[in-house]
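The chains referred to below are lettered A, B, ... by the order of the sequence lines, with proteins before strands, and numbering in each begins at 1.
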Amino acid sequence: MRILLSIPMILIILTIVFFVLRVLPGNPVLAMLGPKAPPEIIHAMEHQMGLDKPIIVQYFIYLSHIAVGNFGTSSYTSLPVLQELLQKFPATFELTFYSMIIAVFIGIFLGSYAAYNFGKPMDIFARVYSIFVYSFPVFWFGIMLQLIFGVWLHWLPVSGRSAPFMIPNHIYTGVYTLDAILNGQWDVLTDAIKHLVLPSFTLGVVISSIFVRMVRSNVLLSLSSQYVTAARARGESEKKILFKHALKNSMPPILTIMGLQFALLLAGAILTETTFSWPGIGNYLITRISYRDFPAIQGAIVFFAFFVAVISILVDIVNAWIDPRIRY
Amino acid sequence: MSQENSLEIKNLNIEYLTRSGTVHAVKDASFSVAKKETLGIVGESGCGKSTTGHAILKLLPSNARTKGEIVYKGRNVLTMPEKEVRHLRGKDISIVFQDPMTSLDPIMRVKDHFLELMRAHKPNVKEEEVIQTASEALEAAGVSKKRLDNYPFEFSGGMRQRVMIALGIALKPNVIVADEPTTSLDVVVQEQIMEVFRHLKKTKDMSIVLITHDLGIVAELADKVVVMYAGEVMEYADVYNLYKNPLHPYTQLLLKSVPNIKIDDMELHHIPGSLPDLKNLPQGCRFYDRCPFAKEKCKKEEPPIFKVDKREVRCWLYE
């Protein structure tokens with residue numbers, strides 16, 4: 001049921017992207033051939049790519065292709081878009097996964113301790129932190145970290161996923177940290193982690209600001225509820241009350257919002273990937289926008305939408321597992 | 001009083017610090033609960049009865065300031081370290097709250113509540129032992145042990161209150177504080193819950209502190225009664241004498257306001273006026289404004305407790 005509901009969402013996004021791309025100035029053929037190309041070649045090229053058909057016809061052709069998993073062929077590289085996306089996806093997945101872990105970790109701990117110490121220095125620190133960090137533009141924060149830890153301190157690399165030749169011997173998943181472990185290449189693992197630290201920290205910290213506020217307010221609400229007092233009256237310790245009752249009861253709303261924030265995380269990922277030259281879908285998207293590579297742009301955005309839909313389904317499943325009152 | 005007391009409250013003072021001023025919730029309350037005795041605390045809303053009840057387990061919110069003593073087994077609960085108070089809660093002294101709909105954790109099975117209760121006091125308790133204890137307690141409160149695996153949302157309000165009571169009696173505490181256990185339930189269920197308490201009183205060896213504004217329940221269940229008004233104990237007496245011959249004007253009016261179907265009197269009696277502002281208390285007797293026997297002295301000086309044949313009353317009439 002939930003899976004069916006996400007189909008219209010993806011369809012709407014796809015439609016918007018499709019038409020916006022065609023309304024905006026810029027032509028993939030011109031972008032490919034340059035402004036001095038002879039008109040007959042341009043027409044031939046347009047005909048070959050189907051761009052001479054009415055837009056609405058192009059739209060339905062595209063839809064029918066997407067429905068069977070055909071994302072089309074890139075007008076820039078002439079490679080199948082799906083193949084390119086699948087090749088870039090592990091990098092984005094790896095970045096967002098570790099960023100999410102950092103954000104969730106900061107969010108849950110800082111948020112719950114702030115709620116527990118309501119009005120005390122810890123709480124004030126958490127509030128100042130989240131407002132401060134929320135106001136950071138992702139790329140600015142990324143550049144600052146690059147400057148401090150890369151340029152000044154020389155501790156960490158500032159771009160890419162790996163040093164030259166430091167890639168896993170055998171690619172199983174495309175997620176370097178995982179592949180390195182599977183191959184037992186510890187030097188590659190260390191290198192991959194070093195490259196991950198700055199980008200995932202950048203994205204994770206920026207996203208964590210919302211999580212901290214959200215966890216804090218939800219836990220605060222749970223802490224003031226009667227079942228918390230009742231648990232205290234049974235002799236339960238404060239630490240267990242905080243994590244077993246207050247935090248666990250706050251999880252469904254927190255997870256729901258975290259799922260929604262995932263779209264923001266992906267938007268942040270695009271900026272982070274650009275800042276750190278991270279070879280993921282975000283970087284791919286930005287490059288292809290400048291080439292007016294319609295199939296690639298549409299494909300990347302559908303991919304993101306699909307990713308968000310999968311995450312929100314996962315959130316619903318986890319929520320139903322935590323809270324017995326939620327059933328689908 | 002005698003050594004047979006399971007709980008002794010001496011000069012208990014409770015204040016809440018709020019933004020708009022200090023609320024004097026309880027002032028100089030003293031009473032005791034003997035073993036196996038049921039003590040009723042009655043009074044209208046906002047008179048400090050629930051605050052007193054929660055103070056017994058040190059469950060007051062963080063803006064509360066307490067003074068005085070709550071003596072349990074020779075020790076003052078109020079000055080006990082938090083860790084030791086924790087071991088009293090649920091095991092020596094337990095509490096049943098007013099609103100059963102929100103008192104159970106919505107995402108925990110009934111069984112998990114018992115597990116939590118027992119693990120808090122005996123970390124390595126076996127699950128079979130928990131199920132055994134829980135089943136007995138639930139049975140005593142009128143809930144089938146088959147429902148151990150159910151979640152709170154699968155219970156009605158009355159059944160949830162029975163579960164709360166079962167949690168309260170599971171570890172055989174010496175004192176159970178029942179904080180208006182029937183207030184949020186409908187009348188039929190109220191009666192069923194009172195039946196549970198009647199049964200407990202008969203079968204279990206524990207003291208009950210019954211906080212309520214239902215004078216009928218107190219008359220039936222309590223051995224002794226504390227009448228509270230605006231945070232003060234106005235009268236403290238055994239139930240028989242209190243109902244037969246109420247001393248304090250407030251108690252008299254309170255008893256008179258209970259409708260009696262035997263007397264052909266269609267009018268509902270009430271006490272005119274309302275509670276004084278607990279942030280800004282009058283200089284004299286707190287009941288002065290509403291008292292039919294008020295004198296000049298009552299306005300100026302606050303009455304102390306007077307002893308009248310083993311009973312206690314806070315009124316200048318008994319000087």
Per-residue contact mode, A:S225 against chain B (heavy atom under 4.5 angstrom): neither
In plain terms, say whether A:E236 and B:R86 are close enough for a salt bridge, that is, a side-chain N and a carboxylate O under 4.0 Å apart. no
Would you call A:R232-A:E238 a salt bridge at under 4.0 Å N-O? yes
Quick one: what part of B:H87 sits under 4.5 Å from any heavy atom of chain A, side chain, backbone, both or neither? neither
Return the option, out of A:S224, A:A233, A:A230, A:S222, with the maximum number of heavy-atom pairs under 4.5 Å with chain B. A:A233
Output the distance between atom [atom1] ([X]) and atom [atom2] ([Y]), rounded to the nearest 0.5 Å.
{"X": "B:E37", "Y": "B:S6", "atom1": "CD", "atom2": "OG", "result": "8.0 Å"}
{"X": "B:E84", "Y": "B:E82", "atom1": "CD", "atom2": "CD", "result": "10.5 Å"}
{"X": "A:I181", "Y": "A:L189", "atom1": "CD1", "atom2": "CG", "result": "5.0 Å"}
{"X": "B:Y72", "Y": "B:L7", "atom1": "OH", "atom2": "CG", "result": "8.5 Å"}
{"X": "B:K91", "Y": "B:K122", "atom1": "NZ", "atom2": "NZ", "result": "10.0 Å"}

Hey, which residues of residues 104-119 of chain B are touching chain A, say heavy atoms under 4.5 Å apart? B:L104, B:D105, B:P106, B:I107, B:M108, B:H113, B:E116, B:L117
Would you please go through residues 148-178 of chain B and name the residues with a non-hydrogen atom below 4.5 Å from one of chain A, in numerical order? B:Y151, B:F153, B:M164, B:L167
What donor-acceptor contacts under 3.5 angstrom involve side-chain atoms of residues 120-128 of chain A, with partners at least two apart or in another chain?
unit_1 : atom_1 : unit_2 : atom_2 : d
A:D123 : OD1    : A:R216 : NE     : 2.6
A:D123 : OD1    : A:R216 : NH2    : 3.4
A:D123 : OD2    : A:G119 : N      : 2.7
A:D123 : OD2    : A:R127 : NH1    : 3.1
A:D123 : OD2    : A:R216 : NH2    : 3.3

If we only count heavy atoms from C-beta on, is the [X] to [Y] side-chain gap below 4.5 Å?
{"X": "B:I217", "Y": "B:F197", "answer": "no"}
{"X": "A:F211", "Y": "A:L110", "answer": "no"}
{"X": "A:I7", "Y": "A:I10", "answer": "no"}

Which residue out of B:L59, B:L57, B:I95 racks up the most heavy-atom pairs below 4.5 Å with chain A? B:L59
Side chain to side chain contact (heavy atoms under 4.5 Å, CB included) evaluation trace for A:V133 with A:F141: CA-CA 9 Å; A:V133 169; A:F141 187 51; over 6 Å; no
Yes or no on side chain to side chain contact (heavy atoms under 4.5 Å, CB included) for A:Y129 and A:V205, after CA distance, side-chain angles and deciding distance? CA-CA 10 Å; A:Y129 168 87; A:V205 164; 3.8 Å; yes
Toward chain B: residues of residues 246-260 of chain A with heavy atoms under 4.5 Å: A:K248, A:N249
Steps toward side chain to side chain donor-acceptor pair (under 3.5 Å) verdict (B:E128, B:Q132): CA-CA 6 Å; B:E128 300 91 75; B:Q132 177 66 26; over 6 Å; no
Report yes if the distance between the aromatic ring centroids of A:F307 and A:F89 is under 6.0 Å, otherwise no. yes
